[in-house]
Protein chains: 2
Amino acid sequence: MAIKPSCLSPHQIEAVLKRSGINPTAQRIAICRFVLCDAEHPSAEDVKVWVDQNFPKMSLATVYNTLKILVEAGLLRELRLPHSEAVLYDNNLNAHYHFLDEETGELLDVDPVDVRLEPALSEAYQIHSVEVLLRGTRNPA
Amino acid sequence: MAIKPSCLSPHQIEAVLKRSGINPTAQRIAICRFVLCDAEHPSAEDVKVWVDQNFPKMSLATVYNTLKILVEAGLLRELRLPHSEAVLYDNNLNAHYHFLDEETGELLDVDPVDVRLEPALSEAYQIHSVEVLLRGTRNPA
DNA sequence: ATTAGTGCAAAGGATTTGCATAAAG
DNA sequence: CTTTATGCAAATCCTTTGCACTAAT
């Protein structure tokens, strides 16, 4: 429903990191390969699992450090959702909402256009941002 | 913007608990006095602070146990919001959304009517519930 | 040499758990 | 007596921190 950023090559990742003022170490590039591309709302633990298979010996602290750096650089967004204890990381930088499939646990991006939300609060309220979580199920096509 | 449940007397609380199949112990009634009435989205820690002044010697475990029981009984709802590590407890049982005042940290209830949200997803998506968090600031009247 | 980045293990906060004691019927 | 609730401390989960070590200028 929303457009996912297309995958980046390691070379492109390096460029992205540099452009954001982040020193593109091997560890950081590795994490980005997962977290900026393939991953779908991974937790730090998910990242660690991937990393263990693709970049042995990386420490959990480095995973957390890198994720924090990426968030601070605006390349990733933190997602704290009610159904999960852990923080999830979102590589979709477009404004969007989320749909949680309660049967599968899948978390899908939702285009705000499809939600038609028009706050009509008193003028005393100035809204800076809106977060929406839809919970439900999907029919098999 | 939304109607808060009116406060209950200890006697009424006892009745409410019994009706929900909860043994109305002194500790539980005490917690309910705060959490079903005066409290505004308290965390377990907030509850503990209140309890320490109004029911000395109650253990933190009892606070957590009781909150869990109240949630399971449907007398309270859990609220996990992005701005707070801790779970907050909501005694407003009506469907509602939230507004977070980013200046004061205050969390206000918002009537869904004031948000005008009409999801228009494909029919494959069946929505069971909607959570909305508005972030912003309020003008001084 | 200096600086930045990494790994490891310990610490931290929020919540849960296990178990012995206390309260209630 | 028997059951249930409570208190306390230890354990757990996720995340951060401190610090020594390595890598790269």
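The nearest whole Å value for the distance from the CG atom in A:Asp46 to the P atom in D:dC14 is 11 Å. Atom-to-atom, NZ of A:Lys68 to C1' of C:dG5 comes out at 15 Å; the value is rounded to the nearest Å. When the C1' atom of D:dC14 is taken as reference, atom CG of A:Leu81 falls 16 Å away, rounded to whole Å. What separates CE of A:Met58 from P of C:dA9 is a distance of 17 Å, to the nearest Å. Taking atom CD of residue A:Glu78 and atom C1' of nucleotide D:dT15, one finds them 11 Å apart after rounding to whole Å. Here the P atom of nucleotide C:dG5 and the CD1 atom of A:Ile69 are 7 Å apart, to the nearest Å. Taking atom CG of A:Leu79 as the reference point, atom C1' of D:dC14 lies 16 Å away to the nearest angstrom. Per the geometry, NZ belonging to A:Lys48 stands 11 Å off C1' belonging to C:dC8, to the nearest Å.
Between A:Asn23 and C:dA4 there is no side-chain polar atom (N or O) within less than 4.0 angstrom of OP1 or OP2. Neither OP1 nor OP2 of C:dA23 sits under 4.0 Å from any side-chain N or O of B:Gln27. Within the structure, a side-chain polar atom (N or O) of A:Thr25 is placed less than 4.0 Å from OP1 or OP2 of C:dT6. In terms of phosphate contacts, A:Ser59 brings a side-chain nitrogen or oxygen within less than 4.0 Å of OP1 or OP2 of C:dG7.
Counting any heavy atom pair closer than 4.0 Å across all strands shown, A:Ala86 reaches sugar-phosphate atoms only and no base atom. A:Glu45 comes within 4.0 angstrom of nothing in the nucleic acid, heavy atoms only.
Here the side chain of A:Arg28 is nearest to one of C:dC8, C:dT16, C:dT6, namely C:dT6. Of the listed nucleotides (D:dT6, C:dT15, D:dT17), C:dT15 has the atom at the smallest distance from the side chain of B:Tyr64. Which of C:dG7, D:dT6, C:dA14 sits closest to the side chain of B:Glu85 comes down to C:dA14. Nearest to the side-chain atoms of B:Ala44 among the listed nucleotides D:dT15, C:dT15, D:dT6 stands C:dT15. Considering only the side chain of A:Asn65, D:dT17 comes nearest among D:dA5, D:dT17, C:dG5.
No hydrogens or angles considered: nothing links the side chains of B:His41 and B:Asn91 as a donor-acceptor pair under 3.5 Å. In summary, the side chains of A:Thr62 and A:Asn65 do not present any donor paired with an acceptor at a separation below 3.5 Å, with no hydrogens or angles considered.
Across the interface with DNA chain D, nearest-nucleotide mapping of B:Phe55 and A:Val87 shows B:Phe55 to be the residue nearer the 5′ end.
Considering only heavy atoms from C-beta on, B:His98 comes within 4.5 Å of B:Asp90 through its side chain.
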For this session: Report the C-alpha distance between A:Lys68 and A:Glu72 in whole Å, list the side-chain angles of each, state the deciding distance to 0.1 Å, and finish with yes or no for salt bridge (Lys or Arg N to Asp or Glu O under 4.0 Å).
Result: CA-CA 6 Å; A:Lys68 179 187 280 191; A:Glu72 284 166 356; 5.4 Å; no

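Within 6.0 Å of NE2 in B:His11 there are 12 or fewer heavy atoms belonging to other residues, nucleotides or ligands.
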